[in-house]
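One structure, as structure tokens, below. Some questions next.
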Amino acid sequence: MSNLTVREEIDRLRETWGKRLLILGHHYQDSDVVACCDAVGDSLELSRLAAASDAERIIFCGVRFMAETADILIRDAEGKSCGRSVWQPAPEAGCPMADMADGKTLEAAWQNLTHRVDDRPLTPIVYVNSNAEVKATCGKHGGSACTSGNGLRVVKHFLDLGHRILFAPDQHLCTNIMRELGYPTTAVATWHRDLPDGGLTTEEIRAARLIAWDGCCPIHASYTIGDVAAARAAYPGAELLIHPEAPAAVAALADQTGSTKGIIDTIARAEPDQTFIVGTEEHLVRRLARRKEPKIVSLRPIICEDMGLTTPEQILHVLQTWDESCRVKVQDDLVLDARASVERMLAL
Ligand code: SF4
């Protein structure tokens, strides 16, 4: 089937479903996929839209943790689905960073840290880019989820209460947040999943205000100081915007670090004669660069393969077959704890 025919068939089926169907797409999706969506946004914006809509069926074009978050938020007060469901056209699309933490090892780390050092409460904070069982472990221990956009506010809230934080799974996001909050590098210690006791001594834990899980986004973590030097040399006077999942040494060189939404908003407010070097996933950078002004260039083109797995053909497949292998249903016993972590974030 040609691309246009696929699109026409998707549109025909969408019309049949009307408001009972909602198709959501993340900013990092290919433009052909974005064209099939009712709304495009970052993971949290999209999950909020899913929760606020009355749609019976939600097709989530993104990676697994995003579809899981939508499923967690559409459940009723008792955690039941009530006839609503979330579908992922490319069910194999996961997130390598989310997979760097699981509920069991996060629980073991939290137990280890709280038993060894109890001078302050230890609050888990998990990035929304995490699996449902990680969010549930966080929620169970009174912790909160956060996004790259509100992470600073969430971390500050618990630090101001005097708590120590166990942050998972992205070490770079939380290190950048601590730097922005003015904490010295010694206030962050790294929990190494593969080492006994996380590789941390009691003294190191006591000295730290935040313990960073040793995960990272392989896309954003691959940016280097050399990339920045090359881009600055090629585009003198340009403003450098980098996603805070980049390593601290690179993010520190940016004019601004910002979530996907933050980057989009900054560019939307810019003067027409400005030039921006943007350090985030390439699907989004290419879409931003299509506009005539301001000028947008990539820090270094880099694609998230998982984000690129969804195609219009797969959306059509879901619409035609409602193939159960594409259904995303979070384990019932995880839903309420996982949602508690997301709701705590929304309340802050
Ligand atoms: S860009 Fe990074 S955080 Fe986002 S889905 Fe890909 S690997 Fe995960």
Side-chain angles (χ1 to χ4, degrees), residues 24-31 33-34 37 40-47 60-71 86 88-102 106 125-135 138 145-151 167-177 193 212-224 227 241-248 250-251 257-264 278-288 298-311 314 328 342 345:
L24 301 173
H26 189 268
H27 285 304
Y28 293 169
Q29 293 292 298
D30 191 80
S31 296
V33 171
V34 164
C37 295
V40 180
D42 63 22
S43 54
L44 190 70
E45 281 175 314
L46 295 176
S47 294
F60 207 119
C61 305
V63 297
R64 185 141 194 110
F65 75 80
M66 297 174 181
E68 282 184 349
T69 308
D71 184 46
V86 178
Q88 191 186 358
E92 70 280 25
C95 165
M97 173 165 70
D99 291 342
M100 290 177 195
D102 62 66
L106 182 66
I125 296 181
V126 296
Y127 194 15
V128 284
N129 301 27
S130 58
N131 297 325
E133 58 167 24
V134 166
K135 291 188 180 78
C138 171
C146 78
T147 67
S148 50
N150 64 20
F167 191 105
D170 188 9
Q171 59 183 302
H172 298 309
L173 174 62
C174 59
T175 304
N176 284 320
I177 288 172
R193 285 165 283 164
W213 199 257
D214 64 349
C216 67
C217 162
I219 308 306
H220 294 100
S222 75
Y223 289 127
T224 64
D227 290 331
L241 307 178
I242 298 187
H243 197 282
E245 289 168 14
V250 178
T257 53
S259 63
T260 315
K261 185 176 180 325
I263 290 173
I264 293 169
V278 180
T280 194
E281 207 271 349
E282 186 63 11
H283 283 111
L284 174 61
V285 181
R286 272 187 215 152
R287 212 158 30 249
L288 290 169
S298 191
L299 174 57
R300 179 168 49 80
I302 182 155
I303 296 271
C304 172
E305 283 178 18
D306 284 86
M307 281 289 189
L309 287 174
T310 310
T311 63
Q314 287 168 309
V328 176
V342 177
M345 165 184 77

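Every number for a ligand or one of its atoms is a count from 1 in the order of the listing. Residue numbers start at 1 and run along the sequence shown.
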**Report entry** Full working for side chain to side chain donor-acceptor pair (under 3.5 Å) between Ser222 and Arg300
**Finding:** CA-CA 10 Å; Ser222 75; Arg300 179 168 49 80; 3.1 Å; yes
Requested in this report: Starting from atom 2 (Fe) of ligand 1, find the nearest protein heavy-atom neighbour and note its residue, name and distance.
Outcome: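 Scanning the protein heavy atoms, the shortest distance from atom 2 (Fe) of ligand 1 goes to Cys217 SG, 2.4 Å.
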Requested in this report: Would you indicate whether Glu305, at its atom CD, is surrounded by more than 12 heavy atoms from other residues, nucleotides or ligands within a distance under 6.0 Å?
Outcome: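 Not buried by this count: 12 neighbours or fewer within 6.0 Å.
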Query raised in the report: NE2 of His243 to CG of Leu241: how many Å apart, nearest 0.5 Å?
Result: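 These two atoms lie 11.5 Å from each other.
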Query - atom 7 (S) of ligand 1: nearest protein contact (heavy atom, Å) - result: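 Nearest protein contact, heavy atoms only, for atom 7 (S) of ligand 1 is Pro96 CD, 3.4 Å.
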Query raised in the report: Is the closest heavy atom of Met97 to ligand 1 under 4.0 Å?
Result: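 Yes, Met97 has heavy atoms under 4.0 Å from ligand 1.
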Query raised in the report: Which residue owns the protein heavy atom closest to atom 6 (Fe) of ligand 1, what's the atom, and how far is it?
Result: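 Result for atom 6 (Fe) of ligand 1: Cys304 SG, 2.4 Å.
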Requested in this report: Please write down residue, atom name and distance for the protein heavy atom closest to atom 8 (Fe) of ligand 1.
Outcome: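 Nearest neighbour among protein heavy atoms for atom 8 (Fe) of ligand 1, to 0.1 Å: Cys95 SG, 2.3 Å.
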Query - Ligand-side contact atoms (ligand 1) for residue partner Asn129, heavy atom cut-off under 4.0 Å - result: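 Going through ligand 1 atom by atom, the ones under 4.0 Å from Asn129 are 3 (S).
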Query raised in the report: Quick one: are Ile242 and Val250 in side-chain contact, heavy atoms under 4.5 Å?
Result: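 A side-chain contact under 4.5 Å exists here.
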Requested in this report: Run through Val278, Ile264, Val34 and flag the one making a side chain to side chain contact (heavy atoms under 4.5 Å, CB included) with Leu284.
Outcome: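 For Leu284, the side chain to side chain contact (heavy atoms under 4.5 Å, CB included) test succeeds with only one of Val278, Ile264, Val34, which is Ile264.
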